[in-house]
Amino acid sequence: MAGTEAKMEPPDMSAILFPLAGVMIMVLAVVIGNAQALFTNTSVQLEIPKANVIEADLEQMIPISIDRNGVYYYKDQKLSDVKEITPKVAAEQKKYAEDAGDPELEGFQMVVIRGDKSIQWGSVLEAIDAVKRAKCKRVVLAVIKKRG
Amino acid sequence: MARRTSITIEETQKVPINLGPFSDVTTSLVIMFMLSIPFMVESGIFITRSLAAKTPQMMQQAKKSDIKVNLYLKSDGTVMLNQEPVDPNQLPDLIPRLLARSIEKKAILSADPEVVYESVIEYIDMLKANGASDVLIMKRKSATTPTPEEPGGE
């Protein structure tokens, strides 16, 4: 019995921690790679223009994206026409007010227009008009803070 | 020989793995990630757009009202400030002086549909950075600069 106890060795912690550290690095790499998608509620990848002035932190919002070909997206859903934005945003605003239990909040959920920096201003204006037709009161143009 | 090999393997297995450099790299990555978050995460600039407002009417209203800055970006690259062509490099000096005469410090911005979005954002950013409290986005029907007498604007 005493001989059995003498053979028991303490567990090698480094051998246990090594795979754990590997997993941690993998998780970190995935988080860094998907950081933008995590924060913007959409996976549509765009080159967002940069600006010095930042006014709004985008938290609970409705993203409208316009890619470099001028194609509109509502969240991740590709739209065939800009006019499809209005009913979708209006429904979302209604749901937002209902969830909050205050009908007066309808139209107050932030709508973010995410445009690729190479598109024409006319495409963005059409999106702004479509959103405004849904009686949105808080419209924001997405930008990324300039370095320096 | 076989006995010698088994002893070597046993000795090798007992060498602990040094996790120090590993944790250093991970910590550095986390710190770099945290520091770069503000430059990765999207933010926003508030804009105001009135559906009812049409440029010529707004121009007339602007004359009567408090709005002192009316910027128009043409598709050929010309920048008009209060209906007069202006050197874009002079705008950071002119805008604060004009806004100083305004109480609400609102500015009107319009651009031809062909203008690149990035350049419009640069001008909105410039207006806000120079003290504009609100940027009213206006829509122009044609590439020509409408005067208050011209019909239509949207």
Side-chain angles (χ1 to χ4, degrees), chain A residues 9 12-15 17-18 20-22 24-25 28-29 31-32 35-36 38-40 46-58 61 63 66 110 112-126 128-129 131-133 135 137-147, chain B residues 13-23 25-27 29-30 32-34 36-52 73 75 109-135 137-140 154:
Chain A
E9 290 177 4
D12 187 1
M13 287 307 287
S14 61
L17 287 175
F18 191 76
L20 277 178
M24 201 172 82
I25 277 217
L28 187 64
V31 169
I32 291 173
Q36 197 167 341
L38 284 172
F39 290 114
T40 53
L46 303 170
E47 275 193 68
I48 300 291
K50 292 182 168 60
N52 289 311
V53 178
I54 300 297
E55 292 180 320
D57 290 327
L58 312 183
M61 46 87 170
I66 312 164
M110 193 186 290
V112 180
I113 314 271
R114 302 175 68 242
D116 192 284
K117 65 182 184 182
S118 60
I119 59 171
Q120 292 190 339
W121 174 239
S123 308
V124 181
L125 262 183
E126 284 184 22
I128 296 171
D129 280 350
V131 164
K132 280 287 178 183
R133 272 186 221 110
K135 296 177 181 169
K137 294 172 179 71
R138 298 171 75 212
V139 184
V140 163
L141 297 179
V143 289
I144 291 178
K145 188 164 175 59
K146 265 186 192 168
R147 289 172 192 264
Chain B
Q13 281 174 344
K14 282 184 180 176
V15 174
I17 302 160
N18 186 8
L19 284 174
F22 210 88
S23 64
V25 169
T26 314
T27 312
L29 274 172
V30 171
M32 282 166 64
F33 175 60
M34 286 168 71
S36 63
I37 279 178
F39 305 105
M40 289 167 67
V41 177
E42 291 174 19
S43 306
I45 298 179
F46 278 106
I47 51 158
T48 305
R49 166 113 175 88
S50 171
L51 275 181
L73 316 178
S75 53
L109 180 86
S110 54
D112 287 337
E114 299 82 18
V115 176
V116 178
Y117 176 51
E118 188 180 22
S119 95
V120 178
I121 286 287
E122 280 173 12
Y123 281 98
I124 295 174
D125 188 33
M126 185 271 297
L127 286 169
K128 296 255 181 180
N130 286 291
S133 65
D134 200 0
V135 177
I137 302 293
M138 306 310 301
K139 191 174 182 181
R140 301 227 170 208
E154 188 175 10

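A, B, ... follow the sequence lines: proteins, then strands. Residue 1 opens every chain. Because only heavy atoms are used, hydrogens play no part in the values below, and waters and symmetry mates are left out as well, while side chains stay in.
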Portion of A:Lys50 that has a non-hydrogen atom of chain B nearer than 4.5 angstrom: backbone
Portion of A:Ile66 that has a non-hydrogen atom of chain B nearer than 4.5 angstrom: neither
Full working for side-chain contact (heavy atoms from CB on, under 4.5 Å) between B:Phe33 and A:Val31: CA-CA 10 Å; B:Phe33 175 60; A:Val31 169; 3.9 Å; yes
Pairs flagged by side-chain hydrogen bond (donor to acceptor under 3.5 Å, both in side chains) wherever residues 116-130 of chain B is involved - sequence neighbours left out: A:Glu55-B:Lys128
Minimum heavy-atom distance between B:Ile121 and A:Pro49, given as atom pair plus value: CG1-CG, 3.9 Å
Where A:Ala51 and B:Ile45 come nearest, the two heavy atoms and their spacing: CB-CD1, 4.0 Å
For B:Thr26, all residues meeting side chain to side chain donor-acceptor pair (under 3.5 Å), sequence neighbours excluded: none
Crowding at NZ, A:Lys135 (>12 non-hydrogen neighbours, <6.0 Å): no
Interface residue of largest heavy-atom contact number with chain B, from A:Val139, A:Leu125, A:Ile25, under 4.5 Å: A:Val139
Which portion of B:Leu73 sits near chain A, non-hydrogen atoms under 4.5 angstrom: neither
Part of B:Val116 lying under 4.5 Å from any heavy atom of chain A: both
CG on B:Leu29 to CE on A:Met24, rounded to 0.5 Å: 9.5 Å
Distance in Å, A:Trp121 CH2 paired with B:Ser110 OG, rounded so as to fall on 0.5 Å steps: 10.0 Å
Any A:Ile128 side-chain heavy atom under 4.5 Å of B:Lys139 side chain: no
